[in-house]
Amino acid sequence: MRRKMAAGNWKMNGAQAGLSVLDGLIASHAESPCDIVICPPHPLLIPATTRCAGGPVAIGAQDCHAEAKGAFTGDVSAGMIADTGAGYVIVGHSERREAYGDTDAQVQAKAVAAQSNGLIAIVCLGESLSQREAGEALPLITAQLAGSVPEASTAATLVVAYEPIWAIGTGKIPTLAQIAEVHAKLRAELVARFGAETGEAIRLLYGGSVKPDNAANIFATANVDGALVGGASLKAEDFSPIIHALEKS
Ligand code: PGA
């Protein structure tokens, strides 16, 4: 049985004054059977972990550097993230791959750094609209998975998020059949690489325009173990119904 996960990616949004969102989630999901994770910008990691200590909401970061320390102006290492009390880090988000040129090898190195520092790496992958229309979605995703996921991953240190780029922030989502097809492929690849026990236990999230009104159908899809949510994770009144849908699924 894979424990379900609802992860919120705040991207470059939020401020200390807005952390009361977390109180709403903590109050509504005190006995949640799911893992609930919020990934705020780096300056909010310490106030967020402090506010969420001992409760049902865990905190993650949105990216990390692969190196432990050094002359990397503006970057933050996985060890620094772990030191805030956070338990997760997103790596390989398409916004990093596109705007900063993160390659599969760099994403893998970041995920290795995350796992070596006791963080769970949420490794993102997904195709663009032109790649989908050209019939390249499955081969691309397979290559991204092979190149981005660390060799030593286990179900306790890795979560994979399928995020079609054309569905992020657009209000468009793939058909449930398309989501099922990609997730089945990811599952098969994980089983082939890590063996049945680990491959079946690694969680697969869907991300891209998950909203309260489409969440239940997405969560009913085979091999979807939860969601990585952007815009709808910014307010408890949007994210909480998504978590409730996951709890009921
Ligand atoms: P969205 O973003 O839910 O706003 O589409 C998802 C993501 O980028 O993780």
Side-chain angles (χ1 to χ4, degrees), residues 4-14 18 21 25 34-42 44-45 48 57-64 86 88-102 107 110-111 114 119-129 131-132 137 140-141 144-145 148-149 158-176 178-179 182-183 186 203-219 221 224-246 249:
K4 307 224 160 120
M5 175 180 292
N9 172 11
W10 282 6
K11 308 190 179 182
M12 200 169 71
N13 296 289
V21 174
L25 296 175
C34 304
D35 287 337
I36 302 167
V37 185
I38 290 287
C39 301
H42 289 143
L44 298 180
L45 287 174
V57 178
I59 300 299
Q62 298 171 18
D63 190 44
C64 67
Y88 296 79
V89 62
I90 297 169
V91 292
H93 191 283
S94 60
E95 286 155 15
R96 304 287 317 178
R97 290 180 186 263
E98 289 195 320
Y100 299 89
D102 283 14
V107 173
K110 290 178 179 196
L119 300 172
I120 297 174
I122 302 176
V123 175
C124 301
L125 40 80
E127 82 285 1
S128 67
L129 188 57
Q131 288 164 329
R132 173 150 290 271
L140 176 95
I141 289 157
Q144 285 182 323
L145 186 78
S148 305
V149 163
L158 173 73
V159 173
V160 175
Y162 167 54
E163 298 208 305
I165 296 169
W166 50 277
I168 295 175
T170 59
K172 294 182 198 151
I173 62 164
T175 64
L176 298 177
Q178 287 171 327
I179 296 174
V182 171
H183 281 237
L186 291 171
R203 287 162 305 170
L204 298 178
L205 310 184
Y206 168 78
S209 295
V210 177
K211 306 289 177 202
D213 62 356
N214 61 22
N217 283 338
I218 293 170
F219 296 149
T221 305
V224 175
D225 304 310
L228 180 55
V229 182
S233 71
L234 293 170
K235 293 186 193 154
E237 59 262 42
D238 293 330
F239 198 34
S240 195
I242 293 172
I243 300 168
H244 279 307
L246 187 65
S249 71

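Start at 1 and go down the list; that is how both ligands and their atoms are numbered. Computed over heavy atoms, backbone and side chain alike; hydrogens, waters and symmetry mates excluded.
Residues H93 and E163 bring a donor and an acceptor atom of their side chains to less than 3.5 Å of each other.
With contacts defined as side-chain heavy-atom distances shorter than 4.5 Å, the pair W166/E127 qualifies. Taking 4.5 Å as the limit, every side-chain heavy atom of V159 sits out of range of all side-chain heavy atoms of D35. Contact of the V107 side chain with the L125 side chain is not registered, since no non-hydrogen atoms from C-beta on lie closer than 4.5 Å.
Between S94 and I165, the shortest heavy-atom distance links the atoms CB-CG1, 3.6 Å.
Partners of Y162 according to the ring pair (Phe, Tyr, Trp, His ring centres under 6.0 Å) rule, which considers only residues two or more places apart in sequence or in another chain, are H183.
The immediate protein surroundings of ligand 1, defined as residues with any heavy atom under 4.0 Å of it, consist of N9, K11, H93, E163, A167, I168, G169, G208, S209, L228, V229, G230, G231.
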